Amino acid sequence: AGRLRLGACGRYLMYLHRLTFAALGPFAGEHSIDFDQLGGSALFLIDGPTGAGKSTIIDAITFALFGSIARYDDNRMVAPIVNQTSNEARVALRFELSGKEYLAVRVVRRTPKGATTKEARLERGSEILAADARTMSRAVEDLLGLDVDQFNRTVVLPQGRFADFLHDDPARRQATLRQLLGLDV
């Protein structure tokens, strides 16, 4: 079975197994991507016309892990990712890190002033590692060895943001690379 390798996250390789999402971006219903069934390659192409939802798949992965959307400048801005016909969106990501499987689940609900992302859960097997958004974000940072900004700058790298990383403050860029490559040991 093929596994989508999401590159080096901190000091480890991360493999995506299954992404399930509902009412996310242009996707009104529930949809699943089984990365294990896509073939023997660790490299996959997400293809489609403008507006088809390619970036939404990346958004779903980032949201499942960190509760934020990479392409928005404000990490707290998540309301636009909820499908226009729905009041909430759900994302579940099954992934592997250091030979252990995890399940990250998050829900975003519309509110009168935007959206809330309080419902979140991180599991390893039958063990619940985090049962709320704040605890989960910290647990994911500990697991990956990257915070959301480092993850977005080095793993996701939203469209048009590569130059931002290259022109980043040298100290920030060096700290990110040091942590990403495990040179702080």
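No experiment lies behind these values; they were computed from the predicted model shown.
- More than 12 heavy-atom neighbours from other residues, nucleotides or ligands sit within 6.0 angstrom of CZ on Arg124.
- Considering Arg94, Glu96, Gln37 as possible partners of His17, the one that fulfils the side chain to side chain donor-acceptor pair (under 3.5 Å) test is Glu96.
- Here the side chains of Thr56 and Pro26 are in contact, with some heavy-atom distance below 4.5 Å.
- The CD atom of Glu141 lies 6.5 Å from the CZ atom of Phe66; values are rounded to the nearest 0.5 Å.
- Using a 30° and 60° split on the angle between ring planes, Tyr102 and Phe95 fall in the parallel class, below 30°.
- Contact record, Ser137 with Arg106: OG-NH2, 3.2 Å, taken as the closest heavy-atom pair.
- A donor-acceptor contact shorter than 3.5 Å links the side chain of Thr62 to the backbone of Ile58.
- Rounding to the nearest 0.5 Å places CZ of Phe21 at 9.0 Å from CD1 of Ile61.
- Looking at heavy atoms from C-beta onward, Glu119 lies out of side-chain contact with Glu88 at the 4.5 angstrom threshold.
- Using a cut-off of 4.0 Å between Lys/Arg side-chain N and Asp/Glu carboxylate O, Glu30 and Arg90 are scored as not salt-bridged.
- One hydrophobic cluster, built from ILVMFWY side chains closer than 4.5 Å, holds both Leu143 and Leu19.
- The local environment of CD in Glu127 is crowded, with over 12 non-hydrogen atoms from other residues, nucleotides or ligands closer than 6.0 Å.
- The CZ atom of Arg110 lies 13.5 Å from the OG1 atom of Thr116; values are rounded to the nearest 0.5 Å.
- Scanning both residues, Ser86 and Ala23, for their nearest heavy atoms gives OG-CB, 3.3 Å.
- The cluster map of Ile, Leu, Val, Met, Phe, Trp and Tyr, joined by side-chain heavy atoms under 4.5 Å apart, puts Leu65 and Val82 in the same cluster.
- Side-chain contact check for Met14 versus Leu144: some heavy-atom pair is nearer than 4.5 Å.
- Note: the hydrophobic cluster containing Leu129 also contains Phe63 (ILVMFWY, side chain heavy atoms under 4.5 Å, direct or indirect links).
- Nearest heavy-atom pair, Ala64 versus Leu93, reported as atom, atom and distance to 0.1 Å: CB-CB, 3.7 Å.
- In this structure the side chain of Leu24 never reaches within 4.5 angstrom of the side chain of Asp59, judged on heavy atoms.
- The ring pair (Phe, Tyr, Trp, His ring centres under 6.0 Å) contacts involving residues 107-127 comprise nothing, where partners must be two or more places apart or lie in separate chains.
- Side-chain contact between Leu16 and Ile33 is absent, with no heavy-atom pair separated by less than 4.5 Å.
- Among all heavy-atom pairs drawn from Ser68 and Val148, the shortest one is OG-CG2, 3.2 Å.
- Once rounded to the nearest 0.5 Å, the distance linking CZ of Arg121 with OG1 of Thr135 reads 14.0 Å.
- Here the CG atom belonging to Leu103 is positioned 11.5 Å from the CZ atom belonging to Arg18, to the nearest 0.5 angstrom.
- In this structure a side-chain-to-backbone donor-acceptor pair under 3.5 Å is present from Lys54 to Pro49.
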